[in-house]
2 protein chains.
Amino acid sequence: MQVTAGGGAVAESGRPLRADARRNRERLLEVAVEAFSQPGRDVSLEGIAKAAGVGIGTLYRHFPTREALVEAAYRSEVARLCDAVPGLLEAEPPDRAMRTWTDRFVDYMTAKRGMADTLRAIVATGGNPYAETKARMREAVGTFLEAGAKEGTLRSDVDPGDVIAALSGITLSAGAPEQREQAGRLLDLVMDGLRPRT
Amino acid sequence: MQVTAGGGAVAESGRPLRADARRNRERLLEVAVEAFSQPGRDVSLEGIAKAAGVGIGTLYRHFPTREALVEAAYRSEVARLCDAVPGLLEAEPPDRAMRTWTDRFVDYMTAKRGMADTLRAIVATGGNPYAETKARMREAVGTFLEAGAKEGTLRSDVDPGDVIAALSGITLSAGAPEQREQAGRLLDLVMDGLRPRT
DNA sequence: CGATAAACCGGAGGCTGTTCCGGTTGGTAG
DNA sequence: CTACCAACCGGAACAGCCTCCGGTTTATCG
């Protein structure tokens with residue numbers, strides 16, 4: 001399974017995409033992310049194609065299955081989430097910045113429950129589309145932890161992977177919109193666990 | 001032992017089903033179980049209806065969604081599996097009988113991978129169709145454990161629920177047909193853990 | 001610049017899941 | 001036994017998924 005990230009400008013063969021193909025791919029991804037964000041809606045692939053101004057065939061050429069599209073959208077959003085880390089660290093002290101970031105993560109996952117189902121199916125099927133994504137998230141969490149450790153407000157002896165597992169667990173068990181408050185409390189709990197023992 | 005294992009004669013309202021309705025329901029379930037057992041491929045609901053000699057509308061009246069049908073088929077098969085317990089205990093000593101039974105369980109789940117996906121989806125959606133089914137399985141496992149304990153070949157201090165969790169884990173992680181041997185070894189491992197310490 | 005081949009585009013078409021409703025039948029009251 | 005009505009039957013109709021292929025566009029080379 002080749003990696004060739006979702007936003008890549010390179011096809012599986014290694015050859016650069018033609019300009020029009022690349023434009024279409026980007027537009028599709030953009031619309032897909034938007035569509036999956038709508039809470040109340042079943043997302044129709046035909047609808048996405050139409051909204052992106054391309055035919056259904058074009059959508060399927062870029063994303064051979066619904067899962068491929070969901071996965072690409074997921075990657076794209078995670079990337080955006082992780083890119084936001086430096087900005088957050090400038091605006092707030094590390095521990096608070098990290099809390100803000102976890103909030104965004106949960107918001108993101110709860111808003112996209114529809115695609116969460118598909119993601120679960122992907123995992124169950126055995127494919128591992130997360131390797132790259134997980135690495136990026138580990139990096140993000142690691143950055144927060146390091147920054148916090150330097151100021152003495154966060155522990156340095158925690159595995160970022162464990163934090164990610166905790167976040168995933170929260171979204172899975174309290175991912176419904178009406179449980180948003182509970183999820184918030186759980187996040188507070190996790191953050192408490194990440195502070196150094198006094 | 002009617003237990004309404006899918007073949008229930010009573011509608012949700014509590015009113016008895018009409019004779020023809022009941023016949024159709026049973027026939028549908030029978031065909032569905034058969035169809036889901038074919039390793040071959042995707043099961044078409046339309047095909048099930050036709051094979052059962054009823055219209056698609058009738059299928060949907062009895063099982064409003066694909067999930068409902070899968071769930072009913074699952075219950076029905078679990079019931080059959082659990083009903084086999086006494087016979088196995090007569091034919092072999094408890095520990096060996098239990099090993100045979102776990103084999104059947106794994107065979108069943110691997111043969112029905114198609115419906116396993118749907119089952120996962122049901123669980124993920126939060127519905128809990130397993131309460132009743134799980135209780136029956138606990139009972140079956142408990143029976144084996146008790147019988148084995150009486151002969152000193154199995155431990156008596158194990159929670160049946162844990163055993164079930166282990167079995168589920170095995171089917172999830174080694175559920176593909178080509179992993180059948182590995183699954184067998186895992187079952188051996190579990191059985192070893194269930195024997196008393198010497 | 002013009003021609004050529006590879007790569008891409010879009011939608012028609014086949015298939016399946018699900019809904020809906022007019023016609024039919026089983027069960028029961030008289 | 002007959003008549004009646006609620007419940008049930010079957011399939012037509014609609015929508016979304018995915019495949020396939022003729023026509024078009026892009027990039028390259030002389």
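Order of the sequence lines fixes the chain letters, A, B, ..., with proteins taken first and strands second; residue numbering starts at 1 for each chain. Here the structure is a predicted model, which is why all the values come from computation and not from measurement.
Between the C1' atom of D/dG10 and the CD1 atom of B/I48 lies a distance of 17 Å, rounded to the nearest Å. Rounded to an integer number of Å, the gap from A/L45 CG to C/dG10 C1' is 16 Å. In this entry the distance linking CZ of B/R25 with P of D/dA7 reads 17 Å, nearest Å. Between B/L59 atom CG and C/dG17 atom P there is a gap of 10 Å when expressed in whole angstrom units. For the pair B/R27 CZ and D/dC9 P, the interatomic distance rounds to 14 Å; values are reported in whole Å. Atom CZ in A/F63 sits roughly 13 Å away from atom P in C/dC8 (whole-Å rounding). A/L28 has its CG atom 13 Å from the C1' atom of C/dC8, to the nearest Å. Between the CG atom of A/L69 and the C1' atom of D/dG16 there is a distance of 15 Å, given to the nearest Å.
Between A/T58 and C/dG10 there is a side-chain N or O to OP1 or OP2 distance below 4.0 Å. A/N24 has a side-chain polar atom (N or O) that falls below the 4.0 Å cut-off from OP1 or OP2 of C/dC9. For A/R66 and D/dC17, the shortest distance from a side-chain N or O to OP1 or OP2 is below 4.0 Å. Between B/H62 and D/dC8 there is no side-chain N or O to OP1 or OP2 distance below 4.0 Å. Within the structure, every side-chain polar atom (N or O) of B/T65 is placed at least 4.0 Å from both OP1 and OP2 of C/dT18.
With sequence neighbours left out, the salt bridge (Lys or Arg N to Asp or Glu O under 4.0 Å) criterion links B/D162 to no other residue. Taking the side-chain contact (heavy atoms from CB on, under 4.5 Å) definition, one finds that B/D103 meets it with B/R99, B/R180, B/L187, sequence neighbours left out. A search for salt bridge (Lys or Arg N to Asp or Glu O under 4.0 Å) contacts involving A/R185 returns nothing, not counting sequence neighbours. Residues forming a side-chain contact (heavy atoms from CB on, under 4.5 Å) with B/E146 (at least two apart in sequence, or on another chain): none. Remark: B/E46 engages no residue in a salt bridge (Lys or Arg N to Asp or Glu O under 4.0 Å) (not counting sequence neighbours).
Ion pair B/D20/B/R25 not flagged as a salt bridge, since none of the NZ, NE, NH1 or NH2 atoms sits closer than 4.0 Å to an Asp/Glu carboxylate oxygen.
Within the 4.0 angstrom heavy-atom criterion, base atoms lie near B/I56.
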For nucleotides 24-30 of chain D, just jot down a letter per nucleotide in 5' to 3' order: B, S or -, based on protein non-hydrogen atoms under 4.0 Å.
-BSS---

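Nucleotides of DNA chain D nearest to A/G47 and A/G57 differ in position, and the one nearer the 5' end is that of A/G47.
Distances were taken from every side-chain heavy atom of B/A21 (C-beta onward) to each of C/dT19, C/dG10, D/dC9; the shortest belongs to D/dC9. For B/E46, the side-chain atoms get nearest to C/dT16 when compared with the rest of D/dC17, D/dC9, C/dT16.
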Begin from the C-alpha positions of B/D95 and B/R155 and carry the test salt bridge (charged side-chain N to carboxylate O under 4.0 Å, His left out) through to its verdict.
CA-CA 10 Å; B/D95 56 338; B/R155 294 169 59 179; over 6 Å; no

